[in-house]
Structures are given as C-alpha cells and as structure tokens.
Amino acid sequence: MTGAPPKTRLWLVRHAQPLVTPGTCYGALDIPADPAATRAAAEHLAAALPPQSRVIHSTLQRCEQLALELQALRPDLASKPDARLREMDFGSWEGQAWESIARSDIDAWTAAFASYRPGLGENLAAVLARVAAALQDHGPGATQDVVWITHAGVIRSVAWLKAHGNGVLPRSEEWPVAAPGWGEWERIELG
C-alpha cells in the first residue's frame, strides 16, 4: 500500500533586514540588505530547503543578495528573477520618512485601500493581480517545492489570495498584518 504523494509547498521567504533608516517608506526602492544578516538567513534557509527546490526571487537587490548567498551554499538551488515578486511601488513616497507624508494622503489611501495609488505609484489591486499571475505560473502542477525570495507585501498578498481568491479586494482593516520576520519564511501547500 502506498501513501499519497508528498505535497509540494511554496516557501515564502522574506529578504534580510534592509539597510535603510527606520521609519522610511520603501517598497520598490532598490536598497541593499545587511550582508551579515543575508548570509545568516541563507545558511538557515540552505539547511531547511529540500533538494532541487525551484527558487525564484524578486528583482530588487535585497532579494537577489539572498538568492545569490543561497546558491553559493547550495548550487542545486539556482534562482531565477521574477519582477512580479517585487514589493509595492509607493511612487513619490519612496525614500521619504512615513511621518513626512501628508496625513491626508495616508487617510486617502486607507479610505480607498485597494484602488488608491500611494505617491502615484502602484495600487494594491495591481499588486494582487501580479502576485496572482505569479502564483498561477509557479504553482499548478509543481512537482518540487517552489521558493519565492520576496517581500512582506507579496507574502501578505499570497495570504489574501489564498483566503479570498483573486477578484476580492481588501479594505485596510481586512489586510493581513502578519508576515515573516527578516530572513524568515512561511510555507503553504501548492495546488
């Protein structure tokens, strides 16, 4: 008697702590991560991932750094970039202190959470659409674990999509707050 085939999983890995002043708005801002924290995260991840996992990373350097460190430790885990795994683009808010962004702009975003374009950047509906497309491309039919080296916003988007499906847009009070810490991950079953 044989058991059910093992389930494939999606590993949602958050990059290591970025080198940015606390309280700064950054999403698509291409900032590096702390090298020592990246190395430590790669060592931890390398020990945990099953052989021949398929690794895909955001094109922002803080994720690429982790992908390259991981590949140096585990050559079987070569990574490919995918821009759909990038963090939300906050437009003109990028690089500003959150406290310097007009309260009226923050309130407008909160009131129209899925459709408002913070800093004339990207709205949440667009982020959810690109993450849903990436899930469709990287999930169905996977025969090996898939690893996304990405950002908190993308990980929260996956949680929303898994719970509500594509086409249901969140209000600010419904948005998942939880995300893995720097260099940590969570796993979900694919399929």
Side-chain angles (χ1 to χ4, degrees), residues 7-18 20 22-31 33 56-60 62-63 66 81-140 142 145-191:
K7 300 268 185 189
T8 55
R9 297 166 297 178
L10 174 61
W11 297 62
L12 297 163
V13 181
R14 188 175 181 191
H15 58 79
Q17 185 164 2
V20 64
T24 300
C25 175
Y26 66 94
L29 191 63
D30 198 12
I31 53 177
I56 303 146
H57 67 272
S58 159
T59 55
L60 295 175
R62 56 194 184 265
C63 293
L66 181 51
D82 188 333
R84 296 174 298 183
L85 304 187
R86 292 170 63 99
E87 185 60 278
M88 183 175 188
D89 184 346
F90 288 97
S92 63
W93 294 7
E94 295 280 351
Q96 290 190 49
W98 280 104
E99 65 186 25
S100 72
I101 298 168
R103 184 72 220 171
S104 59
D105 290 341
I106 300 283
D107 291 344
W109 180 29
T110 302
F113 192 59
S115 60
Y116 186 82
R117 293 174 49 217
L120 298 178
E122 185 177 29
N123 66 32
L124 183 56
V127 175
L128 287 167
R130 67 176 159 82
V131 172
L135 278 170
Q136 184 62 38
D137 287 351
H138 300 307
D145 282 10
V146 177
V147 180
W148 284 8
I149 299 175
T150 190
H151 310 270
V154 171
I155 296 169
R156 290 180 181 116
S157 294
V158 170
W160 177 264
L161 291 165
K162 286 295 196 185
H164 302 280
N166 198 7
V168 178
L169 297 176
R171 295 185 307 241
S172 62
E173 64 272 14
E174 299 171 321
W175 188 240
V177 176
W182 308 118
E184 296 177 359
W185 60 84
E186 60 186 51
R187 294 178 294 244
I188 61 171
E189 285 187 6
L190 286 171

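Below, all heavy atoms of this structure are taken into account, side chains as well, without hydrogens, waters or symmetry copies.
By the salt bridge (charged side-chain N to carboxylate O under 4.0 Å, His left out) test, Glu184 pairs with no residue at all, sequence neighbours left out. With sequence neighbours left out, the ring pair (Phe, Tyr, Trp, His ring centres under 6.0 Å) criterion links Trp185 to Trp11, His44. Leu161 is linked by a side-chain contact (heavy atoms from CB on, under 4.5 Å) to Leu128, Val131, Ala132, Leu135, Asn166, counting only residues two or more places apart in sequence or in another chain. Qualifying salt bridge (charged side-chain N to carboxylate O under 4.0 Å, His left out) partners for Arg171, counting only residues two or more places apart in sequence or in other chains: Glu173, Glu174. Every residue meeting the side chain to side chain donor-acceptor pair (under 3.5 Å) condition with Arg86, not counting sequence neighbours, appears here in chain and number order: Thr59. Partners of Ser100 under the side-chain contact (heavy atoms from CB on, under 4.5 Å) rule, at least two apart in sequence or in another chain, are Gln96, Ala97. Take Ala33 and apply the side-chain contact (heavy atoms from CB on, under 4.5 Å) test, not counting sequence neighbours, and it matches Ala16, Thr38, Arg62, Gln65. Residues satisfying the salt bridge (charged side-chain N to carboxylate O under 4.0 Å, His left out) criterion with Asp82, sequence neighbours excluded, are Arg84. For Asp30, there are no salt bridge (charged side-chain N to carboxylate O under 4.0 Å, His left out) partners, not counting sequence neighbours. Not a single side chain to side chain donor-acceptor pair (under 3.5 Å) links Asp105 to another residue, sequence neighbours left out.
When all heavy atoms are compared, the tightest approach of Trp93 to Cys25 is O-CB, 3.5 Å. Contact record, Lys162 with Ile188: CE-CD1, 3.4 Å, taken as the closest heavy-atom pair.
The backbone N or O of Phe113 sits nowhere less than 3.5 Å from a side-chain atom of Ser172 that would complete a donor-acceptor pair.
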Between side-chain atoms of residues 151-160 and protein atoms elsewhere (two or more places apart, or another chain), which donor-acceptor pairs fall under 3.5 Å?
from: His151; atom 1: NE2; to: Ser58; atom 2: OG; distance (Å): 2.8
from: Arg156; atom 1: NE; to: Pro176; atom 2: O; distance (Å): 3.3
from: Arg156; atom 1: NE; to: Val177; atom 2: O; distance (Å): 3.0
from: Arg156; atom 1: NH2; to: Val177; atom 2: O; distance (Å): 3.0
from: Ser157; atom 1: OG; to: Gly153; atom 2: O; distance (Å): 2.9
from: Trp160; atom 1: NE1; to: Val168; atom 2: O; distance (Å): 2.8

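For the atom pair CG of Asp145 and CG of Leu190, the computed distance is 7.5 Å after rounding to the nearest 0.5 Å. Put simply, CD1 on Ile31 and OG1 on Thr24 are 8.0 Å apart, with the number rounded to the nearest 0.5 Å. Between atom CG of residue Leu60 and atom OH of residue Tyr26 there is a gap of 11.0 Å, rounded to the nearest 0.5 Å.
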Checklist entry - Where do Leu124 and Leu169 land on the side chain to side chain contact (heavy atoms under 4.5 Å, CB included) test, with the steps shown first? => result CA-CA 8 Å; Leu124 183 56; Leu169 297 176; over 6 Å; no

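Counting only residues at least two apart or in different chains, side-chain hydrogen bond (donor to acceptor under 3.5 Å, both in side chains) contacts with residues 113-128 comprise Glu122-Arg130.
Aromatic ring centres of Trp148 and His57 lie farther apart than the 6.0 Å criterion allows.
Counting heavy atoms from C-beta outward, Asp89 and Glu94 have side chains that approach closer than 4.5 Å.
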